[in-house]
Amino acid sequence: MTDPRLGGRQLRRVVFDQQAIARRVEGLGAEITASYPSGDLLVLGLLKGSFVFLADLVRAIARPLEVDFVVAASYGSGKTSSGSVRLAYDPATLLEGKHVLLVEDIVDSGLTLATIVQLLSARRPRSLEICTFLHKRAGEQLRYPVRFVGFDAPNEFLVGYGLDHAENFRHLPYIASLQ
Ligand code: IMP
Ligand code: MG
């Protein structure tokens with residue numbers, strides 16, 4: 001497969017193509033619409049990885065909502081999650097009394113989310129749920145259940161649709177594994 005976006009890198013395979021992604025996002029949007037009958041809904045995207053998914057997802061939700069973002073920064077510099085995470089951008093929006101839907105690109109060990117959920121819970125939202133596009137179901141770290149899942153993901157390193165490898169490939173319109 002030759003995609004000029006790849007700059008010569010080889011893909012192993014396309015895991016979810018554009019059509020499959022679009023169908024699933026529509027389905028998730030409908031699930032979310034049906035799950036929040038009343039009250040203020042704040043959709044919080046965890047940057048950077050969720051930006052493509054979030055843009056598609058909010059347009060598939062047929063009810064009023066607000067959008068804001070959170071940016072997590074690890075204290076460590078390792079490649080794997082250390083769990084010591086702080087908010088590098090903290091939403092100005094009030095969370096108190098609102099239904100908050102935290103949107104993530106992919107959950108692997110769940111450590112990142114576990115920490116963010118703790119930080120956000122302290123702001124007394126009316127409810128706090130998680131929506132992730134992909135779930136690797138790798139870790140037992142996530143005591144907090146993920147309410148909305150796009151797809152279960154294979155245990156391969158995935159790129160595209162917001163997911164990066166060293167900040168590359170976020171703009172692929174499909175999800176693929178690298179060679
Ligand atoms: P966790 O804390 O182990 O759940 O890690 C989740 C974070 O690691 C995600 O938000 C992604 O930024 C990154 N990540 C995990 N798996 C992948 C992958 O296959 N491709 C790209 N990024 C990934
Ligand atoms: Mg990342």
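Atoms considered below: every heavy atom in the structure, side chains included; atoms not considered: hydrogens, waters and symmetry mates. Every value quoted in this text rests on a predicted model; they were computed, and no experiment measured them.
- The structure places OH of Y36 at 4.5 Å from CG of L101, a figure rounded to the nearest 0.5 Å.
- Going from atom CZ of F53 over to atom CD1 of I106 covers 12.0 Å, rounded to the nearest 0.5 Å.
- Shown are L44, D40, I130; of these, the side chain to side chain contact (heavy atoms under 4.5 Å, CB included) with V100 is made only by L44.
- Annotation: the span from I175 atom CD1 to I21 atom CD1 amounts to 4.5 Å, rounded to 0.5 Å.
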- Would you please test I61 and R63 for side-chain contact (heavy atoms from CB on, under 4.5 Å) and show each step? CA-CA 6 Å; I61 300 174; R63 76 175 322 279; 3.8 Å; yes
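- Put simply, the side chain of R12 never gets that close to the backbone of Q179: no donor and acceptor are under 3.5 Å apart.
- Counting all heavy atoms, side chain and backbone alike, V149 lies closest to R137 at CG2-NH2, 3.9 Å.
- Once rounded to the nearest 0.5 Å, the distance linking CG of D164 with CG of L158 reads 11.5 Å.
- In this structure, CG in D56 is found 3.5 Å from OH in Y161, a value given to the nearest 0.5 Å.
- Note on L95: it clusters hydrophobically with L119, by side-chain heavy-atom contacts below 4.5 Å among ILVMFWY residues.
- By the 6.0 Å contact criterion, CZ on R13 is enclosed, its count of non-hydrogen atoms from other residues, nucleotides or ligands being greater than 12.
- Exactly one residue among E129, E104, E31 makes a salt bridge (Lys or Arg N to Asp or Glu O under 4.0 Å) with R147. That residue is E129.
- Remark: E167 CD is packed, more than 12 non-hydrogen atoms of other residues, nucleotides or ligands lying under 6.0 Å away.
- The closest donor-acceptor contact from the side chain of K48 to the backbone of V71 lies at 3.5 Å or more, if one exists at all.
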- Can F16 and R24 be said to form a side-chain contact (heavy atoms from CB on, under 4.5 Å), step by step? CA-CA 10 Å; F16 301 107; R24 187 63 194 113; over 6 Å; no
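- No path of Ile, Leu, Val, Met, Phe, Trp and Tyr side chains, each step under 4.5 Å between heavy atoms, connects L120 with L94, placing them in separate hydrophobic clusters.
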- Show your working on side-chain contact (heavy atoms from CB on, under 4.5 Å) between Y174 and D3 and close with a plain yes or no. CA-CA 11 Å; Y174 48 84; D3 181 335; 2.5 Å; yes
- For V159 and N168, what are the C-alpha separation, side-chain angles and deciding distance, and is it a side-chain contact (heavy atoms from CB on, under 4.5 Å)? CA-CA 8 Å; V159 294; N168 292 306; over 6 Å; no
